[in-house]
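Have a look at the structure below before the remarks.
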Amino acid sequence: MRSIQSAAWALALAVLALAGCSREPSPDAATPVPTKETAVAADRDEHSYAEPTQVVVDDLALDLDLDFDSRTLAGTATYTLDWKDDNATELVLDTRALTIERVEGEADGQWSPLQFALDAPHLTLGSRLAIQVPQRNARVRVTYRTSPEASGLQWLTPEMTEGKRLPFMFSQSQQIHARSWVPLQDTPAVRYTYSATIRTRPDVMVLMSADNDPAAQRDGEYAFRMPQRIPSYLMAIAAGDLVFEPISARSGVWAEPAMVERAVAEFADTEKMIAATEALYGPYRWERYDLLVLPPSFPYGGMENPRLSFITPTVIVGDKSLVSLIAHELAHSWSGNLVTFASAKHGWLNEGVTSYVENRIVEALYGKEFSDMEFVIAREALKDNIGDMPEATQALAVKPGTELDADDALSAVAYDKGAWFLQFLEERYGRETFDAFLRGYFDHFAFQSVTTEQFLAYAKEHLFDPNPGKTTEAEIQEWVYAPGIPASAPQVMSPRLGLVDSARLAWLGSAQLPPQQLTAEWTTQEWIHFLEGLPPTLSQEQMAQLDTAYAFTGTPNGELAMRWYPLAVRSGYMLAFEPMTQFLQTVGRRKLILPIYAALVETPEGLALAREVFERARPGSHPITAASVQRIIDEAKPKPAAPAGAEAPEAPVDPADAQATGG
Ligand SMILES: [Zn+2]
């Protein structure tokens with residue numbers, strides 16, 4: 001890794017608008033809460049109205065007009081159906097804020113109208129669309145249009161893009177936003193193939209989570225095919241001034257022209273990452289692996305849309321220090337996209353396994369010292385937060401038949417405790433045995449959706465029983481179903497972060513900054529660790545000394561901004577406020593901005609500033625981000641500022657927002 005020199009910092013400041021890191025739990029205010037009255041069956045996804053035991057969608061064909069002026073997608077969705085139950089005559093689809101114009105069924109090449117009913121919307125689940133199909137047709141077609149406020153789409157004016165020339169739009173379907181742009185069985189328990197024809201203005205390029213053609217010419221009509229079966233949350237579309245630059249024969253970057261060169265340089269190791277993952281876990285099964293760099297309003301770090309990961313521009317910091325995000329999204333091509341959680345309450349099977357695989361990729365490319373730093377940073381955050389979470393949500397999974405809010409299902413527990421569990425298994429069984437097991441798991445369940453219990457049954461047969469005496473049943477049960485962090489958790493040490501601790505302590509005691517030759521070698525991870533270990537507030541002199549030496553205020557690195565600005569707010573360090581408000585108006589990645597809002601709303605003056613900044617930021621905000629910020633402002637309980645020098649209360653952090661992927 002190249003280190004961050006201070007000269008590089010200054011340059012980066014001048015060149016880059018922003019920056020940040022890694023993956024983050026994706027639930028937010030806009031994700032679902034299960035209907036409390038529903039009894040929970042072990043295999044029932046409480047976030048979908050679909051009845052996959054009756055009938056499943058086998059293939060979806062979209063034919064849509066994408067219109068920037070009306071901010072809508074409009075056209076038809078045609079479903080090829082597989083009727084499972086001999087008595088079933090109803091197809092139930094999930095929708096949210098869709099206008100359903102017509103529903104038809106096909107028989108002998110003729111389309112005729114079908115009766116349908118669209119229920120009043122449920123606050124989080126949307127509207128149940130029930131279609132009567134007395135003839136049990138093999139094909140059903142829905143004519144519909146989206147709302148300009150569709151929760152899964154963001155429409156950006158040209159001014160909100162890098163190049164400011166053409167409008168932009170993109171989707172974010174996870175967790176249950178796909179239903180806001182396509183009527184679907186919106187549950188990861190159902191997998192289907194899809195094709196699409198999308199028409200739009202001829203100067204705009206359209207991409208989907210499908211067979212994008214790197215050589216495609218802009219002509220306003222684009223055809224796509226996704227031949228591998230995917231769950232609905234991996235439906236994705238983007239349109240804008242997008243150009244392609246290759247990284248390797250099967251990998252490349254789509255981005256706005258002004259961004260593409262920087263992105264290719266930052267993500268140059270992508271092919272090496274694919275090769276490293278294949279060496280560990282078997283072939284990449286999705287043909288191409290491309291990256292799409294989105295505008296800074298993208299609410300997450302990344303989204304693992306198959307063949308085309310959506311990526312925040314905030315990880316493009318010039319030194320590859322935040323490319324573990326790419327490792328994370330790539331890892332999902334095995335854990336998540338290939339072997340998929342059956343519902344959100346098995347979230348750790350996607351995010352925990354992915355976080356573990358991510359770390360193995362990072363280790364393979366950048367060495368164990370570096371991957372250990374990332375493990376330690378994630379685990380310290382988990383240890384800090386897990387005690388404040390409700391006990392039920394501290395477990396990796398709930399036992400079958402227990403209810404859990406999807407909001408709670410993808411916290412840092414799913415990501416980091418999940419990864420830790422796999423690391424525990426690796427340590428007990430040895431890397432060789434465990435790697436072979438995990439590769440076998442991906443092969444065995446390829447293109448299927450699985451539950452925690454299926455994982456455990458497979459592990460019993462292929463790992464626990466053939467290798468007796470390495471773990472006990474009680475240990476496994478504790479890891480999966482008990483709150484807190486098990487005593488058997490392997491501890492990872494990072495000597496490099498130890499040096500940072502010493503440097504910080506020395507500075508706090510003596511006001512002597514660490515030697516320049518030491519900090520010149522620090523990566524983003526070391527700076528994160530330095531900032532995280534500081535007291536909740538510093539004096540004006542201390543803040544100014546750090547800022548003069550390291551230029552934290554105005555940093556293009558969002559991972560540092562998200563830690564520095566809350567400290568500045570709590571410390572009343574006014575010099576940082578103007579650049580901070582700029583940052584909040586430019587960046588929409590929730591992980592980076594929510595901690596700053598949370599710090600602001602602690603005092604009446606801060607809350608007033610938060611309201612003012614959000615009012616300015618809102619028109620350019622993604623609906624998912626806007627909902628999360630609004631919730632922080634609505635739930636604020638500001639207290640008058642503590643006298644200078646007194647210990648400030650820590651900003652409350654929603655565990656779901658505390659950590660680093662969108663998906
Ligand atoms: Zn993820």
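Counting starts at 1 for both ligands and their atoms, following the listed order. Note: hydrogens, waters and symmetry copies are ignored here, and every other heavy atom, side chains too, is used.
Of all N, O or S atoms in Glu351, the one lying closest to the Zn ion (ligand 1) is OE1. The atom of His332 nearest to the Zn ion (ligand 1) is NE2, with the search restricted to N, O or S atoms.
Among the atoms of Glu329, no N, O or S atom falls under 2.8 Å of the Zn ion (ligand 1).
Between Arg285 and Asp443 a salt bridge is recorded (basic side-chain N to carboxylate O distance below 4.0 Å).
Side chain to side chain, Tyr192 and Gln185 fail the donor-acceptor criterion of an N or O pair below 3.5 Å.
For an aromatic pair to be called close, the ring centres must be under 6.0 Å apart, and Tyr458 with Phe437 satisfies this.
The salt bridge (charged side-chain N to carboxylate O under 4.0 Å, His left out) analysis of residues 225-235, with sequence neighbours excluded, yields the pairs Asp58-Arg229, Asp59-Arg225.
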